[in-house]
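The figures here come from the full heavy-atom set of this structure, side chains too, leaving out hydrogens, waters and symmetry mates. Here is how names work: the chains are called A, B, and so on, in the same order as the sequence lines, proteins then strands, and each is numbered from 1. Because the structure is a prediction, the values reported are computed rather than measured.
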Amino acid sequence: MGVKEKPVTKEEMESWRIPIPGGAAIIAPVERVAQWARKNSLWSLTFGLSCCAIEMMSTAAPRYDLDRFGMIFRATPRQADVMIVAGWVSVKMAPYIKRLYDQMPEPKYVIAMGGCACAGGPYRDSITIVKGVDHFVPVDVYVYGCPPRPENLINGILKLQDKIAREHVLTRNGDRAPHREPIIIGENA
Amino acid sequence: MSVRVYTSSKSYRAGQFFGGLIVALIVIAIASLLPLLPWYKLNPVLDFIGMHPWLNAFLKAFVVVNFVALHVLFLIWLERKFAGWMQARLGPKHVGWQGLGQTLADAIKLFLKEDIVPAKADRQLFAIAPFLSFMPTLLTFMVLPFSAAWIAYDYDLGALFVVAVSTNVALGVLAAGWGANNKYSILGGARAVAQLLSYEIPMVMMILAVVTLSDTMSMKQIVLRQAHLWNIVAYWPVMIPAFLIFLTCALAELNRTPFDLPEAESELVSGFHTEYSGMRFAFFYLAEFANNFFSAGFAVTLFFGGWYGPILPPVVWFTLKTLILICVMMWIRWTLPRLRIDQVMGFCWKVLVPISLVVYCITALIALK
Ligand code: SF4
């Protein structure tokens with residue numbers, strides 16, 4: 001599955017506008033429309049695992065307001081597009097997260113939020129914590145920090161939107177090998 | 001890193017408010033210019049359509065379906081914006097102008113999403129449920145009078161037709177709950193049906209009260225009786241409680257907070273549409289918001305004089321009143337917390353039904369005079 005590296009430019013958008021008497025019609029390639037729609041309506045799965053979840057909630061709350069980007073939290077995985085894994089994942093919890101991921105319909109994306117979800121974080125030496133969720137689900141964006149500030153998470157979401165705008169429409173994320181195109185958001189990244 | 005906090009700036013809010021006001025004024029101005037257009041040039045076309053009943057029916061259905069589908073795009077945006085304002089947020093902002101493209105993006109995305117049918121689901125029921133809950137809504141729009149001329153079908157038994165048809169939503173919801181073969185779905189479906197059927201009784205009582213006062217069941221005639229005084233003003237001692245009961249029942253039938261038990265996230269994942277993804281889920285949403293518009297429009301028809309109002313054309317008045325009522329519903333939705341299921345049923349059978357009976361008896365006495 002090829003990845004379109006070309007982001008939409010202003011000139012390209014202008015070329016879709018076709019003037020007709022009394023206004024203009026917009027004819028755009030289906031692929032571009034699909035990418036635009038997907039990118040702008042990322043519904044996220046409502047679940048939080050630990051301390052990072054508090055920060056995720058505050059990102060959705062009035063001060064930072066994820067709804068500005070069209071992101072709302074849906075309670076059921078069947079209606080979600082993106083899964084924000086916020087917090088550490090214990091070995092016992094991992095199968096359930098994998099199951100939630102499998103229940104999401106394609107196309108689906110994963111954001112690993114916080115040091116724990118990315119690579120184990122402060123619990124890296126513990127035997128009960130999975131060292132990064134990319135061991136069992138393919139991660140699109142890694143947002144580092146302990147916890148990451150809401151600005152960092154928003155930055156990660158915007159990067160994910162950029163990625164979706166470049167992706168082929170028929171990409172199936174469930175089949176994809178992990179680590180293919182890691183996007184890393186963090187203090188030094 | 002610092003973030004500009006828009007919500008704290010008063011001038012920004014004022015700008016938003018006046019921007020909205022200007023847009024509303026422009027829409028109204030354009031709508032009031034419409035009657036001045038040379039409609040008479042269309043007469044041969046209209047005559048031709050009038051002579052062919054099948055063509056006529058097809059065109060009316062076409063207009064109604066498109067209206068339902070398109071106004072929902074706007075309503076969902078309004079709901080999210082409204083929720084944002086109620087919670088000191090901005091709501092959708094970056095997709096299109098002021099987020100107006102948001103619902104369009106959502107709709108296209110849902111259309112392109114994978115369509116999952118659970119392995120153990122009852123396939124036929126699962127597939128047909130969204131349409132079962134959408135069709136009654138669509139049918140009710142056929143008798144909604146936007147103005148004396150803008151009514152798809154002026155049925156003599158309009159009010160009865162609405163009551164008979166709109167209850168069938170319960171069928172779709174129950175089919176969705178049963179078909180998905182999921183415990184949360186079936187619980188949500190059962191709750192929805194219990195709630196819908198019990199709140200139907202006081203609602204029908206109040207519709208009956210208005211019908212008794214206006215001596216007719218035709219939606220058009222009900223509005224024509226209110227040419228001089230709205231029902232809610234003319235018979236205020238009975239009509240104000242009647243309207244309040246009607247609004248409560250409408251909220252309960254629409255499954256909106258405080259009565260959104262069928263979809264309560266904290267108890268039943270997402271209620272009866274837990275297993276629905278993509279386009280099928282979009283149909284449920286479509287039905288819900290179209291129903292919302294219809295309930296508000298029905299209340300306007302019954303209590304607020306339908307299309308009557310000064311200066312502006314009738315269609316604009318009707319839409320304006322309906323939108324105001326929808327905003328009241330949203331205001332209630334985003335203010336009140338959710339009730340418990342036993343409270344909801346108890347409230348209906350122990351409070352609303354007796355009150356509605358009393359109100360109806362008084363109305364009958366007034367009508368006798
Ligand atoms: S990264 Fe830090 S804040 Fe986040 S879950 Fe781990 S320990 Fe908690």
- Applying a criterion of heavy atom separation less than 4.5 Å, what residues of residues 273-282 of chain B form contacts with chain A? B:His273, B:Thr274, B:Glu275, B:Tyr276, B:Ser277, B:Phe281
- Query: Pick from A:Thr46, A:Asp81, A:Ile154: which one has the most heavy-atom pairs with chain B under 4.5 Å?
  - Reply: A:Asp81
- Contact leader toward chain B among A:Gly70, A:Pro150, A:Pro77, A:Ala80, where contacts are heavy-atom pairs under 4.5 Å: A:Gly70
- Message: Between B:Arg333 and B:Asp260, does any NZ, NE, NH1 or NH2 come within less than 4.0 Å of an OD or OE carboxylate oxygen?
- Response: no
- Considering residues at least two apart in sequence or located in another chain, which fulfil the side-chain contact (heavy atoms from CB on, under 4.5 Å) criterion with B:Cys327? B:Leu78, B:Phe82
- Message: Would you say CH2 of B:Trp178 has more than 12 non-hydrogen atoms from neighbouring residues, nucleotides or ligands within 6.0 angstrom?
- Response: no
- Message: Are there over 12 heavy-atom neighbours, none belonging to B:Ile332, within less than 6.0 Å of that residue's CD1?
- Response: yes
- From the options A:Lys159, A:Lys108, A:Lys163, select the one residue that forms a salt bridge (Lys or Arg N to Asp or Glu O under 4.0 Å) with A:Asp140. A:Lys163
- Message: Quick check on the interface: out of A:Leu42, A:Asn40, A:Asp65, who has the most heavy-atom pairs with chain B under 4.5 Å?
- Response: A:Asp65
- Task: Flag the pair B:Glu79 / B:Arg256 as yes when at least one side-chain heavy-atom distance between them is below 4.5 Å, and no otherwise.
- Result: yes
- Item | B:Phe284 atom CZ, neighbour heavy-atom count above 12 within 6.0 Å | yes
